[in-house]
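Each chain gets a letter, A, B and so on, in the order the sequences are listed, and its residues count up from 1.
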Protein chains: 2
Amino acid sequence: MSGLSIGQVAERTGLSVHTLRFYEREGLLTQPVRRGTAGHRVYNQDDVDWLGVCIRLRASGMPLPDIRRYTELVRAGQGNEVERLEVLRGHRERVLAQMHDLDECLKLITHKVAIYEGRLGLRDNVPDCAP
Amino acid sequence: MSGLSIGQVAERTGLSVHTLRFYEREGLLTQPVRRGTAGHRVYNQDDVDWLGVCIRLRASGMPLPDIRRYTELVRAGQGNEVERLEVLRGHRERVLAQMHDLDECLKLITHKVAIYEGRLGLRDNVPDCAP
DNA sequence: GTTTGACCTAGAGTCGGCTCTAGCTTCTAC
DNA sequence: GTAGAAGCTAGAGCCGACTCTAGGTCAAAC
């Protein structure tokens, strides 16, 4: 059985039906969505899988135009691996940079948390150090 | 030396002067900015340091309202460590969640890159791909 | 036979986070 | 004394990524 309504896809991807239609307009699907009775969209498992990829890319901050570009390459079929690698490697750089930022922030938080916990611990003779 | 113009602060924080004024309006400074001749803002090192904190929090996705809230707590002075910890721990959760997402994405990228590199390897004698 | 619920389209609205503009002042250097 | 750089305010504009609305179709359940 592979014939999912937009509602079912929304349910299993976690995207809203609005967003699913929006993503389609934005060209984030590797194939045109089939239509059933009354023009209703009919998705299959491949669509859901691909949306899973898109969701991960989005969650890591890839902009929609980049996802569209990658989707187009995939849609075009084999033979453009070099371009696909270009896109993915470019994004990997950004992901690594983000991880670095998050790490920095985590250090900051840990530092501040230690200070505040310290202050709470010795509540009485509090020296006013850093904010 | 402590008496920096907005331009100097922009230079050493990497924020634009527009953004500096915007952040001020948004309440992201722990103290009202002093004014010099002709109403020009005069920052000191503490301001720059605090902006550094804000920048890290922003870079890790903390929304401006949350940064403002934290700033207000700091501005209020000692005695609200519990609330500060609440804010920071809340954000730490989100940072960890983001790291998880990035990690997932990195796995995906690594996987796909391996596939494409593999395909390119098999096609080495096909004169169709640029360096 | 009508109500309910899921779907459709085109297009408008929202929100966060900047970013820029217009019109003005003030200082420094030529 | 005038040109240029840097600053000021209030407010408008922009961009990305959704999110929602209005007005309609259709099938099944009551």
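If A/Ser16 and B/Ser5 are placed on DNA chain D by their nearest nucleotide, the residue sitting closer to the 5' end is B/Ser5. Heavy-atom nearest nucleotides on DNA chain C were determined for B/Thr37 and for A/Val17, and the one closer to the 5' end corresponds to A/Val17.
Below 30°, between 30° and 60°, or above 60°: for B/Tyr70 and A/Tyr116 the angle between ring planes is above 60°, a perpendicular geometry.
B/Glu117 places no side-chain N or O within 3.5 Å of a backbone atom of B/Ala114 that could act as its donor or acceptor partner. Remark: side-chain polar atoms of B/Arg75 are paired, donor with acceptor, to backbone N or O of B/Leu29 under 3.5 angstrom. Side chain of B/Glu81 to main chain of B/Gly79: a donor-acceptor pair is present (N/O by atom type, distance under 3.5 Å, no hydrogens or angles).
Within the model, atoms CG of A/Leu28 and CG of A/Asp47 stand 12.0 Å from one another, a figure rounded to the nearest 0.5 Å.
Using a 4.0 Å cut-off between charged nitrogen and carboxylate oxygen, A/Glu104 and A/Lys107 count as a salt-bridge pair. Using a 4.0 Å cut-off between a side-chain N of Lys or Arg and a carboxylate O of Asp or Glu, B/Arg94 and B/Asp66 qualify as a salt bridge.
Atom P of nucleotide D/dA5 and atom CD1 of B/Ile6 are separated by 18 Å, given to the nearest angstrom. Straight-line distance from the CZ atom of A/Arg41 to the P atom of D/dC26: 16 Å, rounded to whole Å. Between the CZ atom of B/Arg35 and the P atom of D/dG7 there is a distance of 12 Å, rounded to whole Å. In this structure, A/Tyr43 places its OH atom 16 Å from P of C/dA6, rounding to the nearest Å. Atom CG in B/Leu28 sits about 13 Å away from atom C1' in C/dG16, given to the nearest Å. Between the C1' atom of C/dT9 and the CZ atom of A/Arg21 lies a distance of 9 Å, rounded to the nearest Å. Residue A/Gln8 contributes atom CD, which lies 18 Å from atom P of C/dG5 at whole-angstrom precision. Distance CZ (A/Arg34) to P (C/dC7): 16 Å, rounded to an integer number of Å.
Comparing atom distances between the B/Ala38 side chain and each of C/dT26, C/dC8, D/dT9 picks out C/dT26 as nearest. Nearest nucleotide to the A/His18 side chain, out of C/dT9, D/dT19, C/dT26: D/dT19.
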What pairs of nitrogen or oxygen atoms, one from the protein and one from nucleotides 13-18 of chain D, lie under 3.5 Å apart?
| from | atom 1 | to | atom 2 | distance (Å) |
| --- | --- | --- | --- | --- |
| D/dA17 | OP1 | A/Arg58 | NH1 | 3.3 |
| D/dA17 | OP2 | A/Leu64 | N | 3.2 |
| D/dC18 | OP2 | A/Tyr23 | OH | 2.8 |
| D/dC18 | OP2 | A/Arg58 | NE | 2.9 |

